[in-house]
Amino acid sequence: MATATFRIWRGEKGQGQFQDYTTEVSAGMVVLDAVHQIQAEQAGDMAVRWNCKAGKCGSCSAEINGMPKLMCMTRLNTIPLDKPVTVEPMKAFPHMRDLVTDVSWNYEVKKRIPKFQPRKPDAPDGTWRIAPEDVDRVQEFRKCIECFLCQDVCHVLRDHHMHDQFIGPRFLVYTAALEMHPLDVGDRAELLRKDFGVGLCNITKCCTKVCPENITITDNAIIPLKERVVDRFFDPLSKLFRM
Ligand code: SF4
Ligand code: F3S
Ligand code: FES
């Protein structure tokens, strides 16, 4: 049986250090399996958040060899095992213990986004008619599992800590799902510009690269939202027509 070494961040509230654990590994294991094995055999007090082990709950987000990833979806045969595999907590949120961060800021952000506001029903039976292609446009945004890996990698939050001015890619996706919904009549353009900080995204596309659901965050959600804001506030023609 082969072994591999995992260099895991241990500590509390931002203070701590890496600790090496060598454990047996076998074909088909994912990083979360190795972490659980270490927890069971060598470090019973190690804190790690997980739930589904199937890439659907978004709980096991961490940084593996410096890349934001889901531990339960990172197979050991996709990473080099000839040197220690580093496993660290996400960096964009307050550290709690070991691999666990406090992601509650994200839930507070979500509360600030005006909810779905459907237009009046347009069919005699009191329901709506919508074109399939209009539904398709927002469907990919609904795949989000709220793992917050995109929030973790975005430099505006991770390096510049502008959490009070920028809602981050996850919540721009959420806002885009509402704004582009064929039934929604809500208007979030002013909020996007002033409170949600859509202009702070400089289209680095790092968020799109780490999304485990392969949502085309930048091109399909953020850029159209930016265009909406530009059309509304900076385009002289649309300004004229609104007068
Ligand atoms: Fe995770 Fe993708 Fe949702 Fe961001 S958009 S929270 S990376 S699933
Ligand atoms: Fe950040 Fe994604 Fe924009 S990583 S800068 S939100 S393209
Ligand atoms: Fe649910 Fe990894 S444990 S996404």
Side-chain angles (χ1 to χ4, degrees), residues 28-37 39 46-64 66-76 78 87 89-93 98-101 103-110 113 138-163 165-180 192-193 196-230:
M29 275 175 80
V30 293
V31 169
L32 187 61
D33 293 327
V35 168
H36 278 160
Q37 200 165 282
Q39 202 182 32
M46 185 163 66
V48 52
R49 186 185 285 132
W50 65 283
N51 197 328
C52 70
K53 267 193 169 178
K56 287 297 159 212
C57 72
S59 307
C60 67
S61 300
E63 300 192 2
I64 300 167
M67 283 297 293
K69 283 178 186 289
L70 296 177
M71 285 188 275
C72 73
M73 296 304 282
T74 307
R75 290 204 171 272
L76 296 187
T78 63
V87 189
M90 289 192 285
K91 302 283 191 313
F93 313 113
D98 302 333
L99 297 176
V100 178
T101 50
V103 294
S104 57
W105 170 78
N106 292 283
Y107 303 116
E108 294 307 314
V109 168
K110 197 171 195 178
I113 301 170
V138 290
Q139 212 54 17
E140 74 160 322
F141 304 146
R142 299 177 64 92
K143 292 192 300 177
C144 176
I145 58 170
E146 296 206 323
C147 64
F148 307 129
L149 291 172
C150 57
Q151 306 282 79
D152 183 46
V153 81
C154 177
H155 68 107
V156 182
L157 299 173
R158 184 188 182 92
D159 302 322
H160 305 294
H161 311 290
M162 298 174 85
H163 295 63
Q165 295 168 57
F166 183 55
I167 61 173
R170 157 51 189 146
F171 295 105
L172 291 173
V173 165
Y174 180 71
T175 308
L178 294 163
E179 283 286 294
M180 295 180 202
L192 277 164
R193 182 174 76 99
F196 298 169
V198 71
L200 290 169
C201 162
N202 56 346
I203 318 184
T204 58
K205 302 198 183 186
C206 308
C207 50
T208 305
K209 285 191 200 116
V210 301
C211 178
E213 287 293 321
N214 296 314
I215 300 171
T216 317
I217 302 173
T218 320
D219 288 355
N220 291 354
I222 300 180
I223 292 176
L225 290 180
K226 280 175 171 289
E227 286 169 351
R228 252 164 221 237
V229 169
V230 168

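Starting from 1, each residue takes its place in the sequence as its number. Both counts, for ligands and for their atoms, begin at 1 and track the order of listing.
Short contacts between ligand 2 and H155, defined as distances under 4.0 Å to a heavy atom of the residue, involve ligand atoms 5 (S). Applying the 4.0 Å criterion to heavy atoms of G55 picks out, from ligand 3, the atoms 4 (S). Near I217, meaning under 4.0 Å from one of its heavy atoms, ligand 1 places the atoms 5 (S). The atoms of ligand 1 that sit less than 4.0 Å from any heavy atom of C147 are 1 (Fe), 6 (S), 7 (S), 8 (S). When each atom of ligand 1 is checked for a heavy atom of C144 under 4.0 Å away, the hits are 3 (Fe), 5 (S), 6 (S), 8 (S). In summary, the atoms of ligand 3 found under 4.0 Å from a heavy atom of N51, numbered by their order in the structure, are 3 (S). Heavy-atom contacts of C72 reach the following atoms of ligand 3: 2 (Fe), 3 (S), 4 (S) (cutoff under 4.0 Å). In summary, the atoms of ligand 1 found under 4.0 Å from a heavy atom of F148, numbered by their order in the structure, are 1 (Fe), 6 (S). The ligand atoms of ligand 2 that sit less than 4.0 angstrom from a heavy atom of N202 are 5 (S). Of all atoms in ligand 3, listed by their number and element, those nearer than 4.0 Å to a heavy atom of K53 are 1 (Fe), 3 (S). Remark: ligand 3 atoms within the under-4.0 Å shell around heavy atoms of K56 are 4 (S).
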Under the criterion side-chain contact (heavy atoms from CB on, under 4.5 Å), I'd like the reasoning laid out for V103 against M90: C-alpha separation, chi angles, the key distance, then a yes or no.
CA-CA 9 Å; V103 294; M90 289 192 285; 3.9 Å; yes
Assess the residue pair C144 and R170 against the criterion (side-chain contact (heavy atoms from CB on, under 4.5 Å)); give the C-alpha distance rounded to whole Å, side-chain angles, the decisive distance to 0.1 Å, and a yes or no.
CA-CA 8 Å; C144 176; R170 157 51 189 146; 3.4 Å; yes
Full working for side-chain contact (heavy atoms from CB on, under 4.5 Å) between L99 and M71
CA-CA 11 Å; L99 297 176; M71 285 188 275; 4.2 Å; yes
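The nearest heavy-atom contact from the protein to atom 2 (Fe) of ligand 1 is C211 SG, 2.4 Å. For atom 4 (Fe) of ligand 1, the nearest protein heavy atom (residue, atom name, distance) is C150 SG, 2.3 Å. The protein heavy atom nearest to atom 4 (S) of ligand 3 is G58 N, 3.3 Å. For atom 8 (S) of ligand 1, the nearest non-hydrogen atom of the protein is I145 N, 3.5 Å.
Using bins of under 30°, 30° to 60° and over 60° for the plane-to-plane angle, the ring pair H161/H163 lands in the parallel bin.
Heavy-atom distances between P169 and ligand 1 stay at or above 4.0 Å for every pair.
Here the NZ atom belonging to K53 is positioned 13.0 Å from the OG atom belonging to S59, to the nearest 0.5 angstrom. Atoms CG and CG, from L76 and L32 in turn, are 10.5 Å apart once rounded to the nearest 0.5 Å. We find the SG-CE distance between C147 and M73 to be 11.5 Å, quoted to the nearest 0.5 Å. Taken from CD1 in I167 to CE in M162, the straight-line distance is 14.0 Å, to the nearest 0.5 Å. A distance of 10.5 Å separates CG in L157 from CD in Q165, rounded to the nearest 0.5 Å. Summarising the geometry, atom CZ belonging to F93 is positioned 4.5 Å from atom CG belonging to N106; distances are rounded to the nearest 0.5 Å.
For a distance bound of 2.8 Å, the N, O or S atoms of C60 include one lying that close to atom 2 (Fe) of ligand 3. Taking 2.8 Å as the criterion, C57 does not count as a coordinating residue of atom 2 (Fe) of ligand 3, since none of its N, O or S atoms falls below it. C52 lies close to atom 1 (Fe) of ligand 3, since one of its N, O or S atoms is found at a distance under 2.8 Å.
Here the side chains of F166 and L172 are in contact, with some heavy-atom distance below 4.5 Å. Residues D152 and E63 meet the side-chain proximity criterion, which asks for heavy atoms closer than 4.5 Å.
At a heavy-atom cutoff of 4.0 Å, ligand 1 is contacted by the backbone of E146 but not by its side chain.
Formation of a donor-acceptor pair under 3.5 Å by the K143 side chain with backbone atoms of E213 is found in this model. Although no hydrogens or angles enter the test, the distance criterion places a donor-acceptor pair under 3.5 Å between the side chain of R228 and the main chain of E179. Under the 3.5 Å distance criterion, the side-chain polar atoms of S61 are left unmatched by any main-chain donor or acceptor of L149.
The residues D159 and K91 are annotated as not salt-bridged, no charged nitrogen and carboxylate oxygen being separated by less than 4.0 angstrom.
Protein nitrogen, oxygen and sulfur atoms, that is N, O or S, within less than 2.8 Å of atom 2 (Fe) of ligand 2 amount to 1.
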